[in-house]
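Hydrogens, waters and symmetry mates are skipped; everything else that's a heavy atom, side chains included, is used. Quick note: residue numbers are just sequence positions, from 1.
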Amino acid sequence: MDGFPLAPDEVRTLTGEDAQRALGASLAAALPPGSVLFLEGELGAGKTTLTQGLVAALGFTDTVTSPTYALMHVYPTPAGNVLHVDAYRVRHVAELYEMDLDELVAGSRVSIIEWGEGLYADWPNAPVLRLEHVDTSGGERRVTRRR
């Protein structure tokens with residue numbers, strides 16, 4: 001992917017939520033229409049914060065929250081819909097397909113899927129970013145591009 005802000009296996013340390021949102025904004029510019037982006041990381045690692053930056057960069061001005069309980073949120077932006085999926089509570093990925101995942105991804109400017117390991121084979125070219133806590137007092141997170 002030309003212009004993607006992290007090379008495969010690159011590790012970057014981000015300090016604070018503003019840095020996480022800035023990385024998300026740079027992803028919005030780098031991901032072509034129809035892209036899928038996978039995010040991994042424990043609770044509170046910054047997956048939703050990064051997503052907030054990405055969605056805001058595409059022109060969405062309302063609140064972006066984790067779709068943990070709803071499983072999916074669709075954010076309408078001037079650039080097209082952003083699909084935000086949290087597959088953590090899904091026992092089988094078939095449940096997401098029963099919720100029209102294919103059609104939602106196909107109709108979105110970008111789709112961000114958290115905890116989507118069971119879907120990696122379905123989108124083999126989609127980048128995977130892993131977010132980790134480094135220092136909770138300083139708000140540092142480590143971001144690794146796994147693929």
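- Heavy-atom minimum distance, Ala30 versus Gly3: CB-O, 3.4 Å.
- Considering only heavy atoms from C-beta on, Pro127 stays 4.5 Å or farther from Arg147 through its side chain.
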Stepwise side-chain contact (heavy atoms from CB on, under 4.5 Å) test for Trp115 and Lys47: CA-CA 10 Å; Trp115 303 97; Lys47 297 179 299 295; 3.6 Å; yes

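- Applying the 6.0 Å contact sphere to CG of Asp18 captures no more than 12 heavy atoms from other residues, nucleotides or ligands.
- Val74 has its side chain out of reach of Val82: every pair of non-hydrogen atoms, C-beta onward, lies at least 4.5 Å apart.
- A heavy-atom distance below 4.5 Å is not found between the side chains of Val128 and Arg145.
- A heavy-atom distance below 4.5 Å is not found between the side chains of Val85 and Ile112.
- The pair Arg141-Glu132 fails the salt-bridge criterion, with no side-chain N (NZ, NE, NH1 or NH2) lying under 4.0 Å from an Asp/Glu carboxylate O.
- The main-chain N or O of Ile113 is never found under 3.5 Å from a side-chain atom of His84 such that the two would form a donor-acceptor pair.
- For the pair Thr77 and Phe60, the tightest heavy-atom approach, listed with the atom from each and the gap, is CG2-CB, 3.8 Å.
- The only option from Leu54, Thr51, Val110 that meets the side chain to side chain contact (heavy atoms under 4.5 Å, CB included) definition with Leu27 turns out to be Leu54.
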Check against salt bridge (charged side-chain N to carboxylate O under 4.0 Å, His left out), Arg12 and Glu10: CA-CA 7 Å; Arg12 187 175 300 172; Glu10 182 179 346; 3.2 Å; yes

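- A 4.5 Å side-chain heavy-atom check between Tyr88 and Glu114 finds every atom pair outside the cut-off.
- Contact annotation: the side chain of Leu6 approaches that of Leu23 to within less than 4.5 Å [non-hydrogen atoms, C-beta and beyond].
- For the residue pair Gln52 and Val64, the shortest heavy atom distance occurs at NE2-O, 3.0 Å.
- Inter-residue side-chain proximity for Asp86 and Ser66 is flagged as met; some heavy-atom pair is nearer than 4.5 Å.
- In this structure, the separation between OG1 on Thr48 and NE2 on His73 is 9.5 Å, given to the nearest 0.5 Å.
- Atom-to-atom distance recorded for Arg21:CZ and Leu50:CG is 10.0 Å, nearest 0.5 angstrom.
- The backbone N or O of Ser111 lies less than 3.5 Å from no partner atom in the side chain of Ser108, so there is not a single donor-acceptor pair.
- Proximity of Leu129 to Thr144: side-chain heavy atoms (C-beta onward) are nowhere separated by under 4.5 Å.
- Using a 4.5 Å cut-off between side-chain heavy atoms of Ile, Leu, Val, Met, Phe, Trp and Tyr, with links allowed through other members, Met99 and Leu104 fall into the same hydrophobic cluster.
- We find that Glu95 and Arg91 are not joined by a salt bridge, their nearest charged nitrogen and carboxylate oxygen being 4.0 Å or further apart.
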Step-by-step side-chain hydrogen bond (donor to acceptor under 3.5 Å, both in side chains) determination, Glu140 to His133: CA-CA 6 Å; Glu140 287 184 352; His133 295 277; over 6 Å; no

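- Once rounded to the nearest 0.5 Å, the distance linking OH of Tyr75 with CG of Leu58 reads 13.0 Å.
- To the nearest 0.5 angstrom, Leu71 atom CG is 5.0 Å from Arg89 atom CZ.
- Ring pair Trp123/Tyr97 is parallel by interplanar angle, where below 30° counts as parallel and above 60° as perpendicular.
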Step-by-step side-chain contact (heavy atoms from CB on, under 4.5 Å) determination, Leu101 to Val105: CA-CA 6 Å; Leu101 179 65; Val105 168; 3.8 Å; yes

